[in-house]
Amino acid sequence: MAKKIEDISDIPGVGEKIGDKLKKAGYIDLMSLAAAGTLEVSEAASIGEATADKVIKSARKALNIGFETATDVYERRKQIGKIKTGSENLDNLLGGGIETQAVTELHGAFGSGKTQVGFQLAVNVQLPVEEGGLNASCIFLDVEGTFRPSRVKQIAEGRGLDAKKILGNIYVARCYNSDHQMVLAQKIGEMIKEKNVKLIIVDSVTSAFRADFIGRGTLARRQQKLNRHLHTLQRIADVHNVAVYITNQVMARPDILFGDPTAPIGGHILGHFSTHRVYLRKSKANRRIARVIDSPNLPEAETVFFITPEGIKDPEE
Ligand code: GTP
Ligand code: MG
């Protein structure tokens, strides 16, 4: 009788060499492989497409992947955790906070508060569940070089937390270009279990792609790569039950009076991958307005919050 397939190395045809390549590319268990696409695996692990196709199919078969009942989906969705943002207004807008098994995108102009919300979430995810966290750590992909531990420290101390401990549970990687960003995302899977990660922040998800693919001729290639990257992030969110928080800078276009004044620079591709999309805009001083643009279960609504020295807060009564 054939050996039961319980690990990637049990798949027929996967020797030590291919097994190693797959693991190095971030496919650490059957689920991560089963949820991946042929081209993605072939490219990430430098193996032939035929081989990639075969191992993915084997992983799917071993896990009995295909249809599941709505009861299964319901059970899985019961595991969804929520990270509070510090503002009850914003939490309510988001249906209770930033949720796991989903990609939440905040887009807005420069200074709208996308990074600040990220810092706050990196702190809050570490709180106990009853205090609005998930008792877990955070991975921060710093694409724009704007991660500031001193600001995170200030936010942590503002909540009366041990800043040293908080900073020790945020794993930061500076991304230098879009390829680097993609590789880091693929490798995250290994760290998630090891470090009890429940939140992944990519700030911003689009800037490296914009910088690396300039000019009309490269647009299709850029979208294709960005597409694959977002797919990786969505898969990680689902497979590992983590929250993915991504930011995207858009230009405010005051010249547009009707329709969407913030045509996303990355095109609309993000829309197909982010589960929840929220548009942030500056108001007076530290006041910010958040609006749900697109979500399968959240109503389109607007709310107000503040960026204070202690972090994200509700407006004073
Ligand atoms: P880009 O990355 O440039 O697209 O902008 P962003 O949306 O990430 O903006 P960010 O989160 O960096 O927000 C910057 C704004 O937050 C500033 O304009 C301030 O209004 C506010 N802010 C930043 N740091 C502090 C701080 O330490 N204290 C207070 N009170 N406000 C801050
Ligand atoms: Mg920023």
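Just so you know, ligand 1 is whichever comes first in the structure, and atom 1 is the first atom listed for that ligand. The chain is numbered in sequence order, starting from 1. Just so you know, these numbers use all the heavy atoms, side chains as well, and skip hydrogens, waters and symmetry mates.
Side chain of R60 to backbone of V55: no donor-acceptor contact under 3.5 angstrom is found. Listed for the R288 side chain is a donor-acceptor partner under 3.5 Å among the backbone atoms of S112. A side-chain donor-acceptor contact under 3.5 Å links D314 to the backbone of E88. No donor-acceptor pair under 3.5 Å is formed between the side chain of Q186 and the backbone N or O of G26. Remark: the backbone N or O of I246 is not paired with any side-chain donor or acceptor of K114 at under 3.5 angstrom.
Within the 4.0 Å heavy-atom shell around ligand 1 one finds P309. No heavy atom of K282 sits closer than 4.0 Å to any atom of ligand 1.
The nearest protein atom to atom 8 (O) of ligand 1, hydrogens excluded, is given as T115 OG1, 2.7 Å; this is a heavy-atom distance. Ranking the protein heavy atoms by distance from atom 14 (C) of ligand 1 puts G111 CA, 3.9 Å first. Protein heavy atom in closest approach to atom 3 (O) of ligand 1: F110 CB, 3.3 Å. Nearest to atom 23 (C) of ligand 1 among the protein's heavy atoms is Q116 NE2, 3.2 Å. What sits closest to atom 21 (C) of ligand 1 on the protein, heavy atoms only, is I307 CG2, 3.8 Å. Ranking the protein heavy atoms by distance from atom 17 (C) of ligand 1 puts R288 NH2, 4.2 Å first. The protein heavy-atom contact nearest to atom 7 (O) of ligand 1 is K114 NZ, 2.7 Å.
Close approach of ligand 1 to E144 is summarised as follows: ligand atoms under 4.0 Å from at least one heavy atom of the residue are 2 (O). Each of the following atoms of ligand 1 lies closer than 4.0 Å to a heavy atom of A109: 7 (O). In the vicinity of Q154, heavy-atom distances shorter than 4.0 Å reach the ligand 1 atoms 27 (O).
Environment of NZ in K57: sparse, with no more than 12 heavy atoms of neighbouring residues, nucleotides or ligands closer than 6.0 Å.
Residue side and main chain included, T146 places no N/O/S atom under 2.8 Å of the Mg ion (ligand 2).
Under 3.5 Å, the side chains of Q154 and R148 contain no donor-acceptor pair of N or O atoms. In the model, S9 has a side-chain atom that pairs as donor or acceptor with a side-chain atom of D7 under 3.5 Å. Residues S204 and E144 bring a donor and an acceptor atom of their side chains to less than 3.5 Å of each other. At a cut-off of 3.5 Å, with distance as the only test, no side-chain donor of N196 or S137 sits close to an acceptor on the other residue.
Across the listed options T308, N286, T146, N286 owns the non-hydrogen atom lying nearest to atom 19 (C) of ligand 1.
Within the 4.0 Å heavy-atom criterion, the part of Q249 lying near ligand 1 is the side chain and not the backbone.
Below 3.5 Å of separation, one finds an N or O of G113 facing an N or O of ligand 1.
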